[in-house]
Amino acid sequence: MNQQRCLYLLNYCKTLKAVNHIHACLLKTGLFSDPFIFGKLILHCSVTISDSLDYATRLFLHYPNPDVFMYNTIIRGFSESQRPQNSITTYIEMRRESSLFAAPDSFTFAFLLKAAANYGSLRTGKQLHCQALVHGLAGHLFVGTTLISMYGECGRVEFSMKVFDEMREPNVVAWNAAVSACFRGGDLESCERLFDRMPFKDSTSWNLMLAGYAKAGEVEMARKVFSEMEVKDDVSWSSMITALAQNGCFDEVFGVFMDLRRLGMRPNEVSLTGVLSACAQAGAFEFGRVVHGFVEKSGFSWIISVNNTLIDMYSKCGNLDMARLVLKKMPQKKSIVSWTSMLAGLAMHGHGEEAIQLLHEMEESGIKPDRITFISVLYACSHAGLIEQGHECFWKMKNVYNIEPSIEHYGCMVDLYGRAGELRKAYEFVCQMPIPPNDIIWRTLLGACSMHGNVELAEQVKERLSELDPTDSGDHVLLSNVYAIAGKWNNVETVRRSMTYQRIKKIAGWSMIEVDKIMYTFVAGEKQNDITKEAYNKLREIMLRLRVEGGYVAEVGRVLHDIEDEEKEDSVTKHSEKLAVAFGMARLCKGRVIRIVKNLRICRDCHTVMKLISKVYESEIVVRDRSRFHNFKDGSCSCRNYW
DNA sequence: ATAGGGTTAG
């Protein structure tokens, strides 16, 4: 084997096993000590093939007097890994061991700065900046560009701009880096000014503006950029789809996706994940299934992110079996996102035990759970009432995986105790947290008080909340609910008056249902139209039958104010999820599952009604509320009345 | 240059 042949073969290696083979051939022929070949070999392992950085490092450590290319390659490999700090250690090593053979060059600093940016260390970044100055490389175009990005990532846009202003002849990449840094810093005006001043804009710059606006929540501006672009490439289309999906414009996502197909273009994997993510959020099961068909037909099942989004989509559309199937049949190694998506899905459906089992499977497969994985597992425990197991997971996270619990994990733990009625324990847990509790923590506790009717604790907690976030309407409603359960109507009235006085409005509940691939939205107490009339008529018929055959009596204890019982019953009757179900019963043929998505948590009365409908009408109803699923069948719900 | 998983509440 000669050098040429070896490089050719290396290019075709896609797995570590194949590299092992070449490695063996090199040893046999003596080519192994050829620095050029060796450099290419470790480049291939540390950058091109996944999961083989360790292999590259081991080879590197045994190579006598590595040259600058080899050092750069290892630094680069670490910079994109889970432990970017190792890039810096390698650099220190390089300075100490072999300054004669390998002086750092512009590549060295570009990769090092990328590493510092990746773990957000401004201190390291600044030190590297100094080192680059010492070596006379700070003025290099590539180094300058990575300096701009690094300072942007570390939240110091003013430094980014200083570096940019001092550049002699910034190219388009440097301009783009400056724009990105400004977006990171949330300075939209500077972005616009830079964009206007750019002497040359290729489509990358336009795409950057589009994505930047989208991340800042400026959909309107993103749309404007998209429409003004003369050349729309693949990235432009996928960025636009993602922009709309990230900002809740689901109808438009489907529209743009259809436009793309109508123009005869082939959607790429990023567009597909965007569309599937929109389906997931909107609960558009039928549409999602059609997209899945397209994914299979066009060979996208080979892309891991597409499969991950499919798992998420099926979970959030209420079809756990399909989600499980996608996970099981994935042709590639499951990533941390695949496992976590499935875990979150199980959590939402109240399958706590299965979630814990799946966590074990994940660990056995060799993927280490991260902080988000544990949020999902803890969430699964709290929503299934698995106190012991939740406690164990929390312990394991800290002591086995050395993950420092963050505010989200503490939130799950408070929820775990609070939801189960252990209010004292939950309160004590909050008091001894090592980080200051935020509004979400207190709100979790207030929610628990409202579930279990603890007036005293609720009042205490509400006071903490009033200091942190006094205008949250949900908190006022929760407190008034606690009073209502306890029959303290005077206090209910006081809360209600203070809400009116402070102009705090309740958020209106809405529910959506998909019929023939069209999403219909119902809002409680909204003006009547043909669709709502149809729903109301059907609902009247249903409620009558439930009273006669199901023994239904309205549950009215938790309504906001002290009004006459009949009136209370009336306002409960109009909840949007009831209208959506009625509409589904009227339009869908018998035997079809009725799927509903709601923006708030389902109320107790609606929960009872759904159970009764599933029994009296022998139909299956799936409701996705703000945080989890309820699967009604034969008169009972999958949440076992724990939610 | 674009993507995929996460706590509470009305």
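All chains are named by letter (A, B, ...) in the order of the sequence lines, taking the proteins before the strands, and each is independently numbered beginning at 1. As the structure is a computational prediction, the values presented were derived from the model and not from experiment.
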request  = Mind checking A/T340 for me? I need base, sugar-phosphate or nothing, with any heavy atom below 4.0 Å counting as a touch.
outcome  = base
ask   = Base, sugar-phosphate alone, or nothing: which one does A/S238 contact when heavy atoms must sit under 4.0 Å apart?
value = base
note = Under a 4.0 Å heavy-atom criterion, DNA chain B is touched by chain A from B/dA1 to B/dG10
key: Partner of A/S338 under side-chain hydrogen bond (donor to acceptor under 3.5 Å, both in side chains), chosen from A/D312, A/N307, A/N308   = A/N308
task = Could you check whether A/S180 gets within reach of a base, just the sugar-phosphate, or nothing at all, counting any heavy atom under 4.0 Å?
result = nothing
inquiry  = Can you see whether A/Y401 has A/K396 sitting over its ring - NZ or CZ less than 6.0 Å from the centre and within 45° of the normal?
reply    = no
ask   = Counting any heavy atom closer than 4.0 Å, what does A/S305 reach on the DNA or RNA strands: base, sugar-phosphate only, or nothing?
value = base
request  = For the pair A/R371 and A/E404, find out whether any cationic side-chain nitrogen is under 4.0 Å from an anionic carboxylate oxygen.
outcome  = no
request  = Just call it for A/N207: base, sugar-phosphate, or nothing, with non-hydrogen atoms closer than 4.0 Å on any strand.
outcome  = base
request  = Pick base, sugar-phosphate or nothing for A/D370, based on heavy-atom distances below 4.0 Å to the nucleic acid.
outcome  = base
inquiry  = Over all strands shown, is A/I507 touching base, sugar-phosphate only, or nothing at heavy-atom distances under 4.0 angstrom?
reply    = base
message = Check this for me, if you would: do A/E459 and A/K462 make a salt bridge, where the nitrogen-to-carboxylate-oxygen distance has to be below 4.0 angstrom?
response = no
query = In terms of side-chain geometry, is the basic nitrogen of A/R464 or A/D439 positioned less than 4.0 Å from the acidic oxygen of its partner?
reply = no
query = Just checking A/L208: base, sugar-phosphate only, or nothing, at a heavy-atom cut-off of under 4.0 Å?
reply = sugar-phosphate
key: Step-by-step side-chain contact (heavy atoms from CB on, under 4.5 Å) determination, A/W339 to A/E361   = CA-CA 9 Å; A/W339 291 104; A/E361 253 180 74; 4.0 Å; yes
ask   = Taking NZ, NE, NH1 and NH2 as the nitrogens, is one of them in A/E428 or A/K425 under 4.0 Å from a carboxylate oxygen of the other?
value = no
inquiry  = Need one value for A/R371: base, sugar-phosphate or nothing, where a base atom within 4.0 Å counts as base even if backbone is also close, heavy atoms only.
reply    = base
message = Does A/S203 reach a base, just sugar-phosphate, or nothing at all? Heavy atoms under 4.0 Å.
response = nothing
message = Heavy atoms within less than 4.0 Å of DNA chain B: which residues of residues 420-434 of chain A have one? Give them sorted by number.
response = none
query = At under 4.0 Å between heavy atoms, what does A/L210 touch on the DNA or RNA strands: base, sugar-phosphate, or nothing?
reply = nothing
inquiry  = Applying a 4.0 Å non-hydrogen cut-off, can you work out what A/D233 is touching in the nucleic acid: base, sugar-phosphate, or nothing?
reply    = base
message = Please classify the nucleic acid contact of A/S473 as base, sugar-phosphate, or nothing, using heavy-atom distances under 4.0 Å.
response = base
Ion pair A/R266/A/D234, N-O distance below 4.0 Å = no
query = Do NZ/NE/NH1/NH2 and the carboxylate oxygens of A/D625 and A/R601 come within less than 4.0 Å?
reply = yes
ask   = A/I304 near the nucleic acid: base, sugar-phosphate alone, or nothing, with a heavy-atom cut-off under 4.0 Å?
value = base
